[in-house]
Amino acid sequence: AAGAWEEIMARVKDVDKAELLDFSVVEESEGFAPVPVSKYVLRVESADVRVGKESGNPYVNMATVVVEDKDGGQYRGRYIWHTISLVGSTPEKTKTVQGMAKKVYRVITGEEFTVKGVTAAGAAAAIARDIKGGTFVGRVKISVPNEEGMKKGYTPKNEIVDFAPATEWEKEGKLGW
């Protein structure tokens, strides 16, 4: 056991500057359990380009965090992930996913995404770069895995099914809450 500890500590670049943890002040949490179906004000915490294992196509993996909710902040700080695809399995699906990518970009940045003559990887990189830190209103649902997914151990998760500018939240007076 001591050898394993030494190996772990060897990986820490500067042990003297490592942050000391204090679990006595941390509340237990639900972790990444889904939040209820609703509208939430979300901020893009991170966005990075990934490549599909099966398709080989680049996409943007977006991690959002709840900024405001109708329950007085009960879900503030909870994460919801979203994938922005750029290439579909057919030409029709490609048009659909690219149209959705344009909408997400416009809603989050307030600008049109009009690049042309760029690869899917280049478009994904530009989108990921520009949406980081952006805020929007997301309509969120809970997706339940199919029977095969349940057998593999997949659990229900949130899915962002619609995007609106954060200004809509401000105009509606906190989404009509």
Side-chain angles (χ1 to χ4, degrees), residues 23 26-109 113 120-121 123-125 127-128 130-170 172-177:
F23 284 90
V26 176
E27 298 290 326
E28 287 187 20
S29 79
E30 296 300 317
F32 299 115
V35 298
V37 172
S38 188
K39 289 181 182 177
Y40 296 90
V41 178
L42 303 168
R43 184 183 69 250
V44 180
E45 190 77 11
S46 66
D48 58 276
V49 178
R50 297 191 181 174
V51 177
K53 290 178 187 172
E54 293 180 21
S55 71
N57 293 323
Y59 64 92
V60 177
N61 185 61
M62 178 172 75
T64 68
V65 65
V66 175
V67 174
E68 190 64 56
D69 62 66
K70 69 178 184 178
D71 297 309
Q74 178 178 349
Y75 301 103
R76 193 174 294 135
R78 296 285 295 276
Y79 281 84
I80 301 171
W81 286 266
H82 183 76
T83 298
I84 302 172
S85 298
L86 299 166
V87 179
S89 57
T90 66
E92 294 80 22
K93 288 181 181 177
T94 294
K95 282 186 178 184
T96 299
V97 296
Q98 287 178 358
M100 188 64 186
K102 281 185 75 161
K103 177 181 180 179
V104 171
Y105 186 91
R106 178 187 50 76
V107 164
I108 296 173
T109 67
F113 191 70
I127 292 169
D130 294 349
I131 65 174
K132 286 179 189 171
T135 303
F136 66 99
V137 174
R139 187 166 56 89
V140 175
K141 76 173 195 171
I142 298 174
S143 294
V144 179
N146 61 22
E147 190 174 327
E148 183 180 326
M150 294 294 269
K151 287 179 184 175
K152 292 180 179 179
Y154 298 149
T155 57
K157 65 178 185 172
N158 284 123
E159 181 181 345
I160 304 170
V161 294
D162 198 15
F163 296 76
T167 54
E168 296 300 314
W169 167 60
E170 294 161 356
E172 293 180 22
K174 298 197 175 193
L175 300 175
W177 297 331

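Quick caveat, the model's predicted, so the values are computed rather than measured.
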For this session: Tell me, please, which residues at least two apart from R76 pass salt bridge (Lys or Arg N to Asp or Glu O under 4.0 Å).
Result: E68

Problem set entry | Check: V41 and V66 side chains under 4.5 Å, non-hydrogen atoms | no

Validation: residues 142-156 side-chain donor-acceptor distances under 3.5 Å, sequence neighbours left out:
residue : atom : partner : partner atom : Å
S143    : OG   : E159    : OE1          : 2.4
N146    : OD1  : E148    : N            : 3.2
N146    : OD1  : G149    : N            : 2.7
E148    : OE2  : K152    : NZ           : 3.4

Identify every side-chain donor-acceptor pair in residues 49-60 under 3.5 Å, counting partners at least two apart or on other chains, and give the distances.
residue : atom : partner : partner atom : Å
R50     : NE   : D48     : OD2          : 2.9
S55     : OG   : N57     : N            : 3.0

Exercise. What residues, two or more places apart in sequence or in another chain, satisfy side-chain contact (heavy atoms from CB on, under 4.5 Å) together with V65?
Worked result: R43, E45, Y79

Problem set entry | Derivation and outcome, side-chain contact (heavy atoms from CB on, under 4.5 Å), residues M62 and S46 | CA-CA 6 Å; M62 178 172 75; S46 66; over 6 Å; no

Problem set entry | Closest non-hydrogen atom pair between V87 and A120, with its separation | CG2-CB, 3.8 Å

For this session: Would you confirm whether N158, through its side chain, and V35, through its main-chain N or O, come within 3.5 Å as a donor-acceptor pair?
Result: yes

Exercise. Would a 4.5 Å heavy-atom cut-off, applied to side chains only, mark P36 and Y75 as touching?
Worked result: yes

Exercise. Are the side chain of T64 and the backbone N or O of V44 linked by a donor-acceptor pair below 3.5 Å?
Worked result: no

Seminar exercise, completed: One should read off an interatomic distance between K157 NZ and W81 CH2, to the nearest 0.5 angstrom, of 10.5 Å

Problem set entry | V161/V140 under side-chain contact (heavy atoms from CB on, under 4.5 Å): CA gap, chis, key distance, verdict | CA-CA 6 Å; V161 294; V140 175; over 6 Å; no

For residues 96-105, run the donor-acceptor check on the side chains, cut-off 3.5 Å, and write out each pair with its distance to 0.1 Å, sequence neighbours left out.
residue : atom : partner : partner atom : Å
T96     : OG1  : E92     : O            : 3.1
Q98     : NE2  : L86     : O            : 3.0
K103    : NZ   : D162    : OD1          : 2.7
Y105    : OH   : D130    : OD2          : 2.6

Exercise. Which residues satisfy the side-chain contact (heavy atoms from CB on, under 4.5 Å) test with K93, sequence neighbours excluded?
Worked result: S89, T90

Problem set entry | F113 CZ to I131 CD1 distance, which is reported to the nearest 0.5 Å | 10.0 Å

Problem set entry | Verdict with supporting geometry, I127 and I84, side-chain contact (heavy atoms from CB on, under 4.5 Å) | CA-CA 9 Å; I127 292 169; I84 302 172; 4.2 Å; yes

Exercise. Any side-chain heavy-atom pair from V67 and L42 closer than 4.5 angstrom?
Worked result: no

For this session: For side-chain contact (heavy atoms from CB on, under 4.5 Å), just list the numbers for H82 and F163, CA-CA rounded to whole Å, side-chain angles, deciding distance to a tenth of an Å, and then say yes or no.
Result: CA-CA 11 Å; H82 183 76; F163 296 76; 3.6 Å; yes

